[in-house]
Every structure is written in C-alpha cells, then in structure tokens.
Amino acid sequence: MKNRLEQDIISTAESFAENFSDRGHFDFSIQSLRILDDILEELRDYKLDNDALNSVSSMAGSYIFEVARRNYGGQYYWVQDREQPVLVTGEPDYSISIFAFDKVKGRIQNGNEDEIPYYFDGYIEAVTKGKKTGYRAIIV
C-alpha cells in the first residue's frame with residue numbers, strides 16, 4: 001500500500017505529464033527528461049515569484065522523482081528541515097538520494113549548469129555503482 005507522500009508525488013507527476021502532453025511524450029522514460037528540461041529553460045525567461053517557483057518545482061520535481069522511482073525503484077521520505085521530499089533508492093544494500101525539487105529550482109535560476117538530463121545521468125551512475133559496491137550518496 002502506498003503512503004500519502006508517495007500518492008501525492010505520483011498524482012502530481014501524472015498531472016504534470018497530462019498537462020504538458022502537448023509539449024511532448026511524457027511517458028516516465030529517462031529520455032522524456034530532455035523535454036522537461038526544455039520547458040524549464042523556457043521558464044528562465046519569466047520572473048517567477050516564490051509561490052510560482054515552488055509550484056513549478058513541485059510539479060516538475062515530482063515528475064523527475066517518478067522517472068527515477070519507476071526506472072530504478074526507491075522510497076519517498078519527507079525531510080522536515082528542507083521542507084521537501086527525497087527519493088532514496090537501493091536501501092538497505094546501497095543508498096542513493098535525490099532532491100528533485102531543489103534541482104528544478106536550480107535549473108530555473110542557474111540555467112544549463114543545473115541541466116536535468118546531466119543530473120539524472122549522475123543519479124544513474126551512482127545507482128549502478130551502488131549496486132556493485134554498496135555506495136551511498138546524495139546527488140545534488
């Protein structure tokens with residue numbers, strides 16, 4: 001049975017995929033993150049207030065989380081001091097964590113240096129290493 005946090009992230013990710021279906025095929029594949037990244041690049045041209053930035057971060061971040069979980073597994077946890085979820089993949093054998101909401105904010109604010117596909121490649125590399133060696137990391 002899914003917990004409330006997982007249900008919320010899944011429904012937000014699915015809403016994102018449906019709402020932006022006119023922009024591309026959001027099928028929770030790793031390749032679909034390129035389309036998401038293109039949308040975030042376009043948002044850089046707008047002055048977003050904190051509420052809008054948080055809303056976009058939640059929607060796009062939930063989609064990133066679900067791409068990760070559906071392809072590599074994991075469990076969601078709420079991190080109170082960061083006021084956002086984290087996805088932890090591989091426990092107990094290894095532990096790779098991502099904070100997708102922060103990465104989306106960084107992408108909008110900082111541009112290409114926080115590109116989502118590059119970030120996700122780092123997550124995949126860490127999961128691969130974790131499976132082999134028991135590696136533990138937070139991908140930022």
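One-based numbering along the sequence shown.
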I need the [X] [atom1] to [Y] [atom2] distance, nearest 0.5 Å.
X	Y	atom1	atom2	value
Ile35	Leu40	CD1	CG	12.0 Å
Ser58	Phe16	OG	CZ	11.0 Å
Phe20	Leu36	CZ	CG	8.5 Å
Ile108	Leu43	CD1	CG	5.0 Å

Taking all atoms of both residues into account, what is the closest heavy-atom pair of [X] and [Y], and its distance?
X	Y	answer
Ala13	Ser62	CB-O, 3.5 Å
Ser32	Asp27	CB-OD1, 3.7 Å
Gly73	Leu87	O-CD2, 4.3 Å
Ala126	Ile96	O-CD1, 3.5 Å

With sequence neighbours left out, write down each residue that passes ring pair (Phe, Tyr, Trp, His ring centres under 6.0 Å) with [X], or none if nothing qualifies.
X	answer
Tyr118	none
Phe28	Tyr63
Phe101	Phe65

If a pair satisfies salt bridge (charged side-chain N to carboxylate O under 4.0 Å, His left out) and one of its residues is in [range], list it, with sequence neighbours excluded.
range	answer
residues 56-68	Glu66-Arg69, Glu66-Arg70
residues 108-124	Arg34-Glu115, Lys103-Asp114
residues 79-88	Arg82-Asp102

(request) Applying side chain to side chain contact (heavy atoms under 4.5 Å, CB included), run through Val127 and Tyr94 and close with a yes or a no. (result) CA-CA 8 Å; Val127 168; Tyr94 61 97; 3.6 Å; yes

Could you see if [X] belongs to whatever hydrophobic cluster contains [Y]? Use Ile, Leu, Val, Met, Phe, Trp, Tyr and a side-chain cutoff under 4.5 Å.
X	Y	answer
Val140	Tyr119	no
Phe26	Tyr72	yes
Trp78	Tyr76	yes
Val88	Phe120	no
Leu5	Met59	yes

(message) Once side chain to side chain donor-acceptor pair (under 3.5 Å) is applied, what residue pairs with a partner in residues 122-135 remain, sequence neighbours excluded?
(response)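 Side chain to side chain donor-acceptor pair (under 3.5 Å) check on residues 122-135 returns Thr89-Tyr123.
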
(message) Give me each pair satisfying side chain to side chain donor-acceptor pair (under 3.5 Å) with a member in residues 40-56, each pair once, sequence neighbours excluded.
(response)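 Of all non-adjacent pairs touching residues 40-56, those that pass side chain to side chain donor-acceptor pair (under 3.5 Å) are Arg23-Glu42, Glu41-Arg107, Asn54-Lys105.
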
Less than 4.5 Å apart, side chain to side chain, heavy atoms only: is that true for [X] and [Y]?
X	Y	answer
Ile64	Ile116	yes
Val79	Pro85	no
Ile124	Ile30	yes

(request) Could you pull out all residues at least two apart from Glu91 that satisfy side chain to side chain donor-acceptor pair (under 3.5 Å)? (result)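 Glu91 satisfies side chain to side chain donor-acceptor pair (under 3.5 Å) with Tyr77 only.
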
(request) Please name all residues satisfying side chain to side chain donor-acceptor pair (under 3.5 Å) with Arg136, sequence neighbours left out, ordered by chain then number. (result) none

(request) Please write out which residues are connected to Ile10 in a hydrophobic cluster, directly or through intermediates, given that two of Ile, Leu, Val, Met, Phe, Trp, Tyr count as joined at side-chain heavy-atom separations below 4.5 angstrom. (result)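 ILVMFWY cluster around Ile10 holds nothing else.
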
(message) Going by the rule side-chain contact (heavy atoms from CB on, under 4.5 Å), which residues pair with Asn19 if we only count those two or more places apart in sequence or in a different chain?
(response) Ser15

(message) Whether the side chain of Thr12 engages the backbone of Ile9 through a donor-acceptor N/O pair (distance < 3.5 Å, no angle test) should be reported.
(response)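 A pair under 3.5 Å: no.
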
(request) For side chain to side chain contact (heavy atoms under 4.5 Å, CB included), just list the numbers for Val104 and Leu53, CA-CA rounded to whole Å, side-chain angles, deciding distance to a tenth of an Å, and then say yes or no. (result) CA-CA 9 Å; Val104 170; Leu53 185 59; over 6 Å; no

